[in-house]
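Naming convention: chains lettered A, B, ... in sequence-line order (proteins, then strands); numbering from 1 in each chain.
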There are 2 protein chains.
Amino acid sequence: MNSVEELLTSHGVKPTPQRVVIAEYVMNTCCHPTADQILQSVADRLPVSLSRATVYNTLNTLVQSGVIREVFTEPGPARYDANLDRHHHFVDTKTGKIFDIPWQEVPQLPQELAGKYKVHGCQITFFGQMED
Amino acid sequence: MNSVEELLTSHGVKPTPQRVVIAEYVMNTCCHPTADQILQSVADRLPVSLSRATVYNTLNTLVQSGVIREVFTEPGPARYDANLDRHHHFVDTKTGKIFDIPWQEVPQLPQELAGKYKVHGCQITFFGQMED
DNA sequence: TTCTGCAATTAGACTAAGTCTAAAAGCAGA
DNA sequence: TCTGCTTTTAGACTTAGTCTAATTGCAGAA
Ligand SMILES: [Mn+2]
Ligand SMILES: [Mn+2]
Ligand SMILES: [Zn+2]
Ligand SMILES: [Zn+2]
């Protein structure tokens, strides 16, 4: 069960060593890591030096092929997420930590989310194209 | 009816000439402008040169005091919005243009919004703090 | 009216996040 | 083995925004 290699292949992505360790890292971490965190954490799992360009190239490839998703939480760098289930995110504006919010936990967008978070704001953005 | 001066004052913001023209511009444009667009458009309405730092300082002041809101639509720079009504945004990923989506037009987050937009993705992020 | 002191503004240096480029390395098939 | 495409690399570059230190603007005190 070479699962990550198979996963990449099944998404049309050639499983190079760099891509495998990056995908593995994103899939096994809980914390929505940034590109820089991934670079730091993954560099010594490879026999060669790992370039920043490769990290960004790989993350973009994985996002475009649907292996992971990108989470934008301004201010700050993009975060990466292997949880493809439809879900929201909660950003603690003091610590910067990100928490997953299950889709069904938001019945109508509230001021308090399940008593666990104090919501100060909410950004909802749809991406796509106008009808031609 | 010096309305912009009064609006700023009522929000606790001293209405300097720079702040007034910037606030006026954001309130009278339809297009969710960026800081840079604001700088370009507003500079020649003032007898003095207008600094980029002042544009950012002013926009941050106006956001913090609740006169305008900030819209993050990665990739790209922050956009500013004088429409304080609760609403969503739609970003055309081809042109970068932003459209307001009335709050009630999104009954349950759909693939097609009122037949007008093709939605490829959606980012929902809540900001706030964890309960202590 | 002048003086004083804080608030606001300015130019430009600096930083953070990410992209681009040109060269090198790694493969897969002929 | 040779050939050509893909991937990776180091580092330059770009964009968006913040910071700094000096200057300017003004409101209130004297
Ligand atoms: Mn930003
Ligand atoms: Mn970004
Ligand atoms: Zn998530
Ligand atoms: Zn808007």
If Ile, Leu, Val, Met, Phe, Trp and Tyr residues are connected whenever their side-chain heavy atoms lie under 4.5 Å apart, and connections chain through other members, are [X] and [Y] in the same group?
{"X": "B:Leu7", "Y": "B:Val20", "result": "yes"}
{"X": "A:Leu50", "Y": "A:Val4", "result": "yes"}
{"X": "B:Met27", "Y": "B:Val13", "result": "yes"}

From [options], pick the nucleotide closest to the side chain of [X]?
{"X": "A:Tyr56", "options": "C:dG18, D:dA16, C:dT10", "value": "C:dG18"}
{"X": "B:Lys14", "options": "C:dT10, C:dA8, C:dA17", "value": "C:dA8"}
{"X": "B:Ala53", "options": "C:dG12, D:dT18, C:dG18", "value": "C:dG12"}
{"X": "B:Asn57", "options": "C:dT10, D:dT9, C:dG18", "value": "C:dT10"}
{"X": "B:Ala78", "options": "D:dT9, C:dG18, D:dG17", "value": "D:dG17"}

Look at B:Thr54 and C:dT10 and indicate whether a side-chain polar atom (N or O) is within less than 4.0 Å of OP1 or OP2. yes
Compare side-chain N and O positions of B:Gln18 against OP1 and OP2 of C:dT10 and report whether any pair is under 4.0 Å apart. yes
Spacing between [X] atom [atom1] and [N] atom [atom2], to the nearest angstrom:
{"X": "A:Glu70", "N": "C:dA17", "atom1": "CD", "atom2": "P", "result": "14 Å"}
{"X": "B:Gln40", "N": "D:dA16", "atom1": "CD", "atom2": "P", "result": "12 Å"}
{"X": "B:Leu39", "N": "C:dG12", "atom1": "CG", "atom2": "P", "result": "14 Å"}
{"X": "A:Asp36", "N": "C:dA17", "atom1": "CG", "atom2": "C1'", "result": "9 Å"}
{"X": "B:Leu62", "N": "C:dT9", "atom1": "CG", "atom2": "C1'", "result": "15 Å"}
{"X": "B:Gln64", "N": "D:dT18", "atom1": "CD", "atom2": "P", "result": "10 Å"}
{"X": "B:Leu50", "N": "D:dG25", "atom1": "CG", "atom2": "C1'", "result": "16 Å"}
{"X": "A:Tyr80", "N": "C:dA17", "atom1": "OH", "atom2": "P", "result": "12 Å"}

Could you give the distance from OH (A:Tyr56) to CD1 (A:Ile38), rounded to the nearest 0.5 Å? 9.0 Å
Go nucleotide by nucleotide along DNA chain C from the 5' end; which of A:Asn60 and B:Ser49 gets its closest nucleotide reached first? B:Ser49
Taking for each residue the nucleotide of DNA chain C bearing the nearest heavy atom, is the 5' side occupied by A:Ala35 or by A:Val48? A:Ala35
Of B:Pro17 and B:Arg79, the one whose closest DNA chain D nucleotide lies more 5': B:Arg79
Applying a 4.0 Å non-hydrogen cut-off, can you work out what B:Arg19 is touching in the nucleic acid: base, sugar-phosphate, or nothing? sugar-phosphate
Taking donor-acceptor contacts at under 3.5 Å, does the side chain of B:Ser51 reach the base of C:dA11? yes
Would you say the side chain of B:Arg52 and the base of D:dG17 hold a donor-acceptor pair, judged only by whether the two atoms sit under 3.5 Å apart? yes
Can you find a side-chain donor-acceptor pair between A:His32 and A:Asn83 that sits under 3.5 Å? no
In a check of side chain to side chain contact (heavy atoms under 4.5 Å, CB included) between A:Arg79 and each of A:Val26, A:Thr34, A:Val91, which one passes? A:Thr34
